[in-house]
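Because only heavy atoms are used, hydrogens play no part in the values below, and waters and symmetry mates are left out as well, while side chains stay in. Remember, predicted model here, so these are calculated numbers, not experimental data. A, B, ... follow the sequence lines: proteins, then strands. Residue 1 opens every chain.
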There are 2 protein chains.
Amino acid sequence: MAAVSTATATTAPLAGLSIAEAAERTGLTTDTLRYYEKDGLLLRAVGRSSSGHRRYTEADLRWIGLLSRLRATGMPIRDVRRYADLVRAGSGTEADRLELLRAHRRVVLDQLAEVTEHLGAIDQKIGIYEDVVARQEAEVARA
Amino acid sequence: MAAVSTATATTAPLAGLSIAEAAERTGLTTDTLRYYEKDGLLLRAVGRSSSGHRRYTEADLRWIGLLSRLRATGMPIRDVRRYADLVRAGSGTEADRLELLRAHRRVVLDQLAEVTEHLGAIDQKIGIYEDVVARQEAEVARA
DNA sequence: GCTTGACCTGGAGTGGGCTCCAGGCGCGAG
DNA sequence: CTCGCGCCTGGAGCCCACTCCAGGTCAAGC
């Protein structure tokens with residue numbers, strides 16, 4: 001059982017990115033990364049360097065990428081956690097994961113439709129103000 | 001200066017809707033209606049019946065409708081208040097109102113684009129799970 | 001006259017999602 | 001050896017947008 005040693009040379013970063021680098025890559029803050037981890041949103045506890053600092057692997061970053069997309073489309077944290085739980089539980093949960101994602105998809109599509117409709121109404125209002133302002137400018141020009 | 005009297009018969013509601021009716025019509029709660037009013041989101045304090053109960057006019061409801069659309073598209077309350085302030089300030093503020101709405105429009109369009117992009121990625125994930133689950137079901141059928 | 005129900009007020013409480021902080025540690029540079 | 005830096009932890013704090021009281025008023029029905 002050889003421990004953490006891959007006999008490479010000098011300053012090769014032994015494994016993965018620091019939390020600051022992960023933050024930059026994911027667009028999250030270091031605080032948020034720690035918070036997500038503590039809250040069970042990651043698939044497993046992020047690895048640590050010998051000094052106890054977190055080291056993010058590419059797999060970690062890919063997962064965080066997906067989770068960011070879920071969050072950015074409005075999935076509540078508790079649902080993301082449920083999804084993570086399912087993935088963590090391994091095979092046999094695929095149907096549940098699929099259903100969770102499909103349910104989310106429906107919610108997002110509904111939201112998109114709703115927002116688009118509201119935006120249409122707001123656009124009308126904008127059109128009205130454009131007329132008003134144009135007329136005012138014409139008025140000023142005439143003066 | 002005749003006061004509140006439009007000599008109609010029996011149970012004609014003297015003016016406007018009760019807060020409960022307004023809530024039903026707008027899809028907000030009575031608490032939220034009071035909260036919005038207290039927070040300066042309405043154009044003017046809602047009228048009162050002789051007993052001090054709020055009476056919502058159609059104009060009130062129209063304004064609340066617009067404000068709900070702004071909120072439903074993610075405009076923060078402080079911006080809605082700024083917009084209400086501009087409307088309240090009367091003519092001369094049209095250009096500012098227009099710019100505020102246009103700025104909001106840009107934000108909403110950006111959001112829509114972003115969410116749509118994320119949804120595309122999530123759809124891919126869904127596709128993958130559909131395959132996995134279909135294959136599992138085929139497996140079960142074979143057994 | 002008493003009860004009931006809708007509404008009133010000011011203010012406290014809640015839930016979600018971070019964000020910030022104090023105090024501490026390990027490591028490379030000077 | 002001593003800095004300074006990046007990171008660590010647990011826990012407090014914050015912002016937003018409501019939501020929920022408690023205690024009170026008023027009008028109508030019995």
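Summarising the geometry, the separation between CG on B/Asp39 and C1' on D/dA17 is reported as 9 Å, rounded to the nearest angstrom. Between A/Leu28 atom CG and C/dT19 atom P there is a gap of 9 Å when expressed in whole angstrom units. Remark: C1' of C/dA6 and NE2 of B/His53 are 6 Å apart, rounded to the nearest angstrom. Atoms CZ (A/Arg55) and C1' (D/dC8) sit 12 Å apart, rounded to a whole Å. Atoms CG (B/Leu70) and P (D/dA17) sit 13 Å apart, rounded to a whole Å. We find that CD1 of B/Ile77 is positioned 5 Å from P of D/dC18, with the value rounded to whole Å. Note: CD1 (B/Ile64) to P (D/dC18) measures 13 Å, nearest angstrom. Counting to the nearest Å, the C1' atom of C/dG17 and the CD atom of A/Glu37 are 17 Å from each other.
Remark on DNA chain C: of its neighbouring residues A/Ser50 and B/Arg54, the 5'-side contact belongs to B/Arg54, judged by nearest-heavy-atom nucleotide. If you find the closest nucleotide of DNA chain C to A/Tyr35 and to A/Ser51, the one lying nearer the 5' end belongs to A/Tyr35.
Aromatic pair A/Tyr83/A/Trp63: centroids less than 6.0 angstrom apart.
Taking the side chain of B/Tyr36 as heavy atoms from C-beta on, and the options D/dA27, D/dG6, D/dC18, the nearest nucleotide is D/dC18. Between C/dC7, D/dC18, C/dG17, one nucleotide has an atom nearer to the side chain of B/Ser18 than all others, and that is C/dC7. Checking D/dG10, D/dC8, D/dC20 against every side-chain atom of A/Lys38, the shortest atom distance belongs to D/dG10.
Judged by distance alone, with hydrogens and angles left aside, the side-chain atoms of A/Glu94 form a donor-acceptor pair with the main-chain N or O of A/Gly92 at under 3.5 Å.
Distances shown here put a side-chain N or O of A/Arg71 below 4.0 Å from the OP1 or OP2 atom of C/dG17. For the pair A/Arg48 and D/dT9, the criterion of a side-chain N or O lying under 4.0 Å from OP1 or OP2 is met. Using a 4.0 Å cut-off, some side-chain N or O of B/Thr32 falls inside it from OP1 or OP2 of D/dT19. The shortest distance between the side-chain N/O atoms of B/Arg78 and the OP1/OP2 oxygens of D/dC16 is below 4.0 Å.
Hydrophobic clustering (side-chain heavy atoms under 4.5 Å, transitive across Ile, Leu, Val, Met, Phe, Trp, Tyr) keeps A/Leu67 apart from A/Val108.
The one candidate from A/Thr26, A/Val46, A/Leu41, A/Ile64 that meets the side chain to side chain contact (heavy atoms under 4.5 Å, CB included) condition with A/Tyr36 is A/Leu41. A salt bridge (charged side-chain N to carboxylate O under 4.0 Å, His left out) with B/Asp39 is found for exactly one of B/Arg81, B/Arg34, B/Arg71, B/Arg78, namely B/Arg81.
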